[in-house]
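Order of listing sets the numbers, starting from 1, for every ligand and every atom in it. Because only heavy atoms are used, hydrogens play no part in the values below, and waters and symmetry mates are left out as well, while side chains stay in.
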Amino acid sequence: RPAINSKAETSSQSVQRELLKKTSQKNDFKENIHSNGSCQQLPHTIIIGVRKGGTRALLEMLSLHPDIAAAESEVHFFDWEDHYRNGLQWYINQMPFSYPHQITVEKTPAYFTSPKVPERVYNMNQSMRLLLILRDPSERVLSDYTQVFYNHMQKHKPYPSIEQFLIKDGELNVGYKAINRSLYYIHMQNWLKYFPLDHIHIVDGDKLIKDPFPEIEKVERFLKLSPQINASNFYFNKTKGFYCLRDSGRERCLHESKGRAHPQVDTWLLGKLHEYFHEPNKKFFELVGRTFDWHSFVAS
Ligand SMILES: Nc1ncnc2c1ncn2[C@@H]1O[C@H](COP(=O)(O)OS(=O)(=O)O)[C@@H](OP(=O)(O)O)[C@H]1O
C-alpha cells in the first residue's frame, strides 16, 4: 500500500493498476537475454529529476561505476501516455544490456513534477530507491528559461525575454511554469505519498557542480555500491568552467548544452524570486528534514 495514501482506489487508479497488470505478469514480459549472459532489465533505480537540476551530470558520473548500466536517453515511460500505454515490455526494451550484478538506471527529469508518476512507479516497484537532484530554485528557473530559449534559437524561432515571463502587472508572475517546477515541496509531497523519505536520496546539485566527488560517494552508499569512483575521476576544466570526467585515461566533458550562461536578470527581479521561494523552501526543508544553501531572501 502507498506509504501515506490510504484513500479508496479511484477509478483512474484502478485503470492504471489494470494497465500495469496487463503487462507485468511474469509470463507477459521477458528480460531479453543476450548470448553473452547480459540482459535488459527494469531499472533498479531512477533519477526522477528535477529538470535542469544536473540529472545528466549525475547519470554520467554514476556511470563511471562498473556496476552501473545507464539508459542513454530519457525514456519518459511514466509521464508520456503514449509510452506508458505500451506497458513494461516496452520499458524493458529501452534499457541497456547489463549483467545480473549490475544496477540499471534511467533518468527522466520530468518525472519529479509530473503528478501521475509517483503512483505509477510505485505500482511497478514498491521498494524502488530513487535519486533526486535539486538545485537552487531561482537558479533552476533561469536554467529552465535558458533551455527553452536555446530550443527556439536552434529552430530560428523568436523567444520573449526572461522578463516577459517573470513579470506580470509589475509583479513576479508566479503563474510561470518554470517557477512552479521549482516549488519542490509540492512535488515532493506527491512522492512521499508512495515512497518513504529514506528511499529518495537527494543529491545537492549546487554541490555537485562545485565539488562532485563527495556527492557521488553518497550516491554510491545509498545504492549500496562498492566504493569504486575516485576523486581522480574528476578534473576541473577551466574552459568549460565545470568538472569533467576521466575514465580509464579518457577525458570528457558534458555536452555544450550543459553549463550555458544564464540571462542577466535585474537585481530587483532576482530579489523578488529569492523572496518568493523563501516560504516554499522552508516547507521543503521541513518535509525532508534537511536544509540546502539556496537563496532565500526576505524583504525587511
Ligand atoms: N559537470 C557538469 N558539467 C556541465 N553541467 C553540469 C555539471 N554538473 C552539473 N551541471 C549542471 O547541469 C545542468 C543541466 O541539468 P540537467 O542535465 O538536469 O538538464 S535537463 O533537465 O536534462 O535538460 C546545467 O545547467 P545550466 O548551467 O543551466 O546549463 C549545469 O549547471
Does Glu81 come within less than 4.0 Å of Arg120, counting only side-chain N to carboxylate O? yes
Short list, please: which atoms of ligand 1 are under 4.0 Å from a heavy atom of His262? 26 (P), 27 (O), 28 (O)
Tell me whether Arg246 is salt-bridged to Glu251, with the criterion being a basic N under 4.0 Å from an acidic carboxylate O. yes
Side-chain touch Met188/Phe112, heavy atoms, less than 4.5 angstrom: yes
Can you give me the closest heavy-atom contact between Thr113 and Pro115, atom names plus distance? O-CD, 3.5 Å
Consider salt bridge (charged side-chain N to carboxylate O under 4.0 Å, His left out). Of Arg51, Lys52, Lys177, which one does Asp144 pass it with? Arg51
Check for me whether Thr146 has a heavy atom closer than 4.0 Å to any atom of ligand 1. no
Would one find an N or O of Leu254, backbone or side chain, under 3.5 Å from an N or O of ligand 1? no
Option set Lys210, Glu60, Lys107, criterion heavy-atom distance to atom 22 (O) of ligand 1, minimum: Lys107
Could you tell me, atom by atom, which parts of ligand 1 come under 4.0 Å of a heavy atom of Gly53? 15 (O), 18 (O)
Do me a favour and list the nearest non-hydrogen protein atom to atom 1 (N) of ligand 1 with residue, atom name and distance? Tyr243 O, 2.8 Å
Carefully, step by step, assess Glu286 and Lys283 under the rule salt bridge (charged side-chain N to carboxylate O under 4.0 Å, His left out). CA-CA 5 Å; Glu286 277 160 23; Lys283 285 188 185 161; over 6 Å; no
Could you report the tightest heavy-atom contact between Ser73 and Arg56, atom names first, then the distance? CA-NH2, 4.4 Å
Proximal candidate to atom 16 (P) of ligand 1 [heavy atom criterion; set Val50, Ile209, Thr55]: Thr55
Could Arg129 and Phe222 be counted as a cation-pi pair, given that NZ or CZ must be under 6.0 Å from the ring centre and within 45° of the axis? yes
Look at ligand 1 and say whether Glu139 reaches it with a heavy atom at a distance under 4.0 Å. no
Can you classify the ring geometry of His76 versus Tyr111 as parallel (below 30°), tilted (30 to 60°) or perpendicular (above 60°)? perpendicular
The one among Arg56, Glu74, Arg135 that brings a heavy atom closest to atom 13 (C) of ligand 1: Arg135
Among all protein heavy atoms in this structure, tell me which lies nearest to atom 24 (C) of ligand 1, with the distance rounded to 0.1 Å. Gly259 N, 3.8 Å
For Ser143, the atoms of ligand 1 under 4.0 Å from one of its heavy atoms are 25 (O), 26 (P), 28 (O)
Do we see a donor-acceptor contact under 3.5 Å between the side chains of Glu106 and Tyr91? yes
With heavy atoms only and a cut-off of under 4.0 Å, state how Pro109 meets ligand 1: side chain, backbone, both or neither. side chain
Below 4.0 angstrom from a heavy atom of Gln147, which ligand 1 atoms are there? Numbered from 1 as shown, please. 23 (O)
How far is atom 12 (O) of ligand 1 from the closest protein heavy atom, and which atom is that? Gly54 CA, 3.4 Å
Tell me, which protein residue and heavy-atom name are nearest atom 14 (C) of ligand 1, and how many Å apart are they? Lys258 CD, 3.8 Å
Consider every N or O of Arg51 and every N or O of ligand 1, then say whether any pair is closer than 3.5 Å. no
Closer than 4.0 Å to some heavy atom of Ala57 - which atoms of ligand 1 meet that? 7 (C), 8 (N), 9 (C)
